[in-house]
Amino acid sequence: MTNKNNNQENRKQDEAGGSSKEAEEKQRCGNCEEYLNGWKRALADYDNLKKELASERVQMRNATIEQISLSLLPVLDNFDQALKFKPDGLDEKTEKWLQGILHVRTQLESVMQEMGFEQLGKEGELFDPHFHSAVIEQESEGKDPGIILEVHKRGWRRGDRLIRPAIVIVSK
Amino acid sequence: MPKIIGIDLGTTNSCVAIIEGGQPKVLENKEGSRTTPSIVGITKSGERIVGLPAKRQAITNPKNTLYSIKRLIGRRWDDSEVQRDKQVMPFEILKHGDGVAVKMNDKEYTPEEISAMILQKIKADAEEKLGEKIEEAIITVPAYFDDAQRNATKVAGEIAGLKVRRIINEPTAAALAYGFDKKKGQQIVVYDLGGGTFDVSVLDVSEDTVEVKATNGDTHLGGDDFDRVIIDWILSEFKKQEGIDLSKDALALQRIKDAAERGRLMFQFWMFPKIQLK
């Protein structure tokens, strides 16, 4: 009787041990899956972070270039303005000196081009509000309406980003 | 979970934000600005433009460049505001049933349709920025907007393809953005100085509601008026010092206008900003 009871107890313990082993195994599998998923997520997050950082680096570089350009553009504007008031009848020496000064402007323009900037707004072009900003509309004989008569300030773009629209006078 | 955008559909400028990490974050538009001019236009070649490009053609194409449409939305034709705008706006404002319509390129549009064009541009720019489709939005309106104006704003959102989850008061949105809802049981005053309007509201922030107790202001006072005062001051100072009147010189005026706006914006950093004509 006692032996029978002992056997039953052992069986129960074996069964209990078996089911607890199964449960442990199940938990281990569950944990493994969770860790695996976590690792996969971390890898994906890391991959996304790398992409984000790379794109942020490009954005920061572009923003810095654009910011510097915004400080440089008024220098070019003032060159343009000064040249509009160039006195007539300059002697040869002064004319040569002026050519030298103009080279400085060309140099500045080259730097802008090297940084990927492109000029906008030319006389005779059709006014396009995507790239030009009109300040005056005036009558002009023999010109169709909406033609740029004068560029007050050159516009600039870099890639598909408009840095500054050209400030223009347009025919009525 | 799809993102819901919050839109401040302003009289002069509009702005869009999302909640990120529990905080509101303003989204830049396609042009890289945090605000979009609430202006819609049709170019002489027939292209519809919204925002900055529309603003740029305002001088050459005033009849087809619509701005301050918020002043007309949900209004009745006989409202004094409509009659006032009819006198001063360069574009045509027409009677449309009991309400109003505006004319652009010989076609009539309701203010809801024009506002929808602004909302469409905002939605498209937000989608491009976030890289996902946006279907739902919350739009803010002035606390003094009546039911008709609120409803018209909602309709504008729906025309733009947005499910308008809620229309909320602008001062309430400002209070929430600043986290005032976390300090219960207080009364706060919100000053909203926009491009063309100035609103002052007293809010009662309680356990689960923000109630507008009172609202007032000036519907024709904003940053643009400040610019005008600064421009006039520069003109008079220049005349005093140099003896030259620049008020008739459109090109000089443009430079002064830019400088005045830059100067006004600098007031947020300095008490005495320096205005420089670049």
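We name chains A, B, ... by the order of the sequence lines, and we start the count at 1 in each one. Being a predicted model, the structure only gives us computed values, none of them experimental.
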Next item on the list: Might you confirm whether atom CD of A:Gln99 has over 12 heavy atoms from other residues, nucleotides or ligands at distances under 6.0 Å?
Entry: yes

Checklist line | CZ/B:Phe226: more than 12 non-hydrogen atoms of other groups inside 6.0 Å | finding: no

Checklist line | Steps toward side-chain contact (heavy atoms from CB on, under 4.5 Å) verdict (A:Ile169, B:Leu251) | finding: CA-CA 9 Å; A:Ile169 297 175; B:Leu251 288 176; 3.9 Å; yes

Notebook entry, point to check: Any chance CD of B:Glu242 has more than 12 other-residue heavy atoms, nucleotides or ligands included, within less than 6.0 Å?
Noted result: yes

Checklist line | Neighbour count above 12 (heavy atom, 6.0 Å) for A:Glu24 CD | finding: yes

Next item on the list: Can you measure from NZ (B:Lys30) to CG (A:Leu162) and round to the nearest 0.5 angstrom?
Entry: 11.5 Å

Next item on the list: Check whether B:Thr60 gets within reach of chain A through its side chain, its backbone, both or neither, counting any heavy atom under 4.5 Å.
Entry: both

Next item on the list: Report, as yes or no, whether the 6.0 Å neighbourhood of atom NZ on A:Lys84 holds more than 12 heavy atoms from other residues, nucleotides or ligands.
Entry: yes

Checklist line | Toward chain B, the part of A:Val170 with a non-hydrogen atom under 4.5 Å | finding: side chain

Margin query: What I want to check is whether the side chains of A:His132 and B:Gln57 have a donor and an acceptor closer together than 3.5 Å.
Written below: no

Next item on the list: Show the numbers, then the answer: is there a salt bridge (charged side-chain N to carboxylate O under 4.0 Å, His left out) between B:Glu31 and A:Arg157?
Entry: CA-CA 11 Å; B:Glu31 292 83 26; A:Arg157 79 174 190 193; over 6 Å; no

Checklist line | A:Arg161/B:Glu28 ion pair, N-O < 4.0 Å | finding: no

Check: With only heavy atoms counted, which part of A:Ile167 is less than 4.5 Å from chain B, the side chain, the backbone, both or neither?
Finding: side chain

Next item on the list: Examine whether an atom of B:Ile49 lies under 4.5 Å from a heavy atom of chain A, and if so say whether it belongs to the side chain, the backbone or both; otherwise answer neither.
Entry: side chain

Check: Does atom NZ of B:Lys63 have more than 12 heavy-atom neighbours from other groups under 6.0 Å away?
Finding: no

Checklist line | Residue part contacting chain B, namely of A:Leu73, when any heavy atom lies under 4.5 Å | finding: neither

Item checked: Within 6.0 Å of CZ in A:Arg61, more than 12 heavy atoms from elsewhere -> no

Note to self: With a sphere of 6.0 Å drawn around CZ of A:Arg105, does it hold more than 12 non-hydrogen atoms of other residues, nucleotides or ligands?
What the structure shows: yes

Next item on the list: Supply the atom-to-atom distance A:Ser133 OG to B:Leu52 CG, rounded to the nearest 0.5 angstrom.
Entry: 9.0 Å

Check: Which atoms form the tightest heavy-atom contact between A:Pro129 and B:Arg56, and what is the distance?
Finding: O-NH1, 2.8 Å

Margin query: Can you tell me which of B:Lys257, B:Glu47, B:Lys55 forms the most heavy-atom pairs within a distance under 4.5 Å of chain A?
Written below: B:Glu47

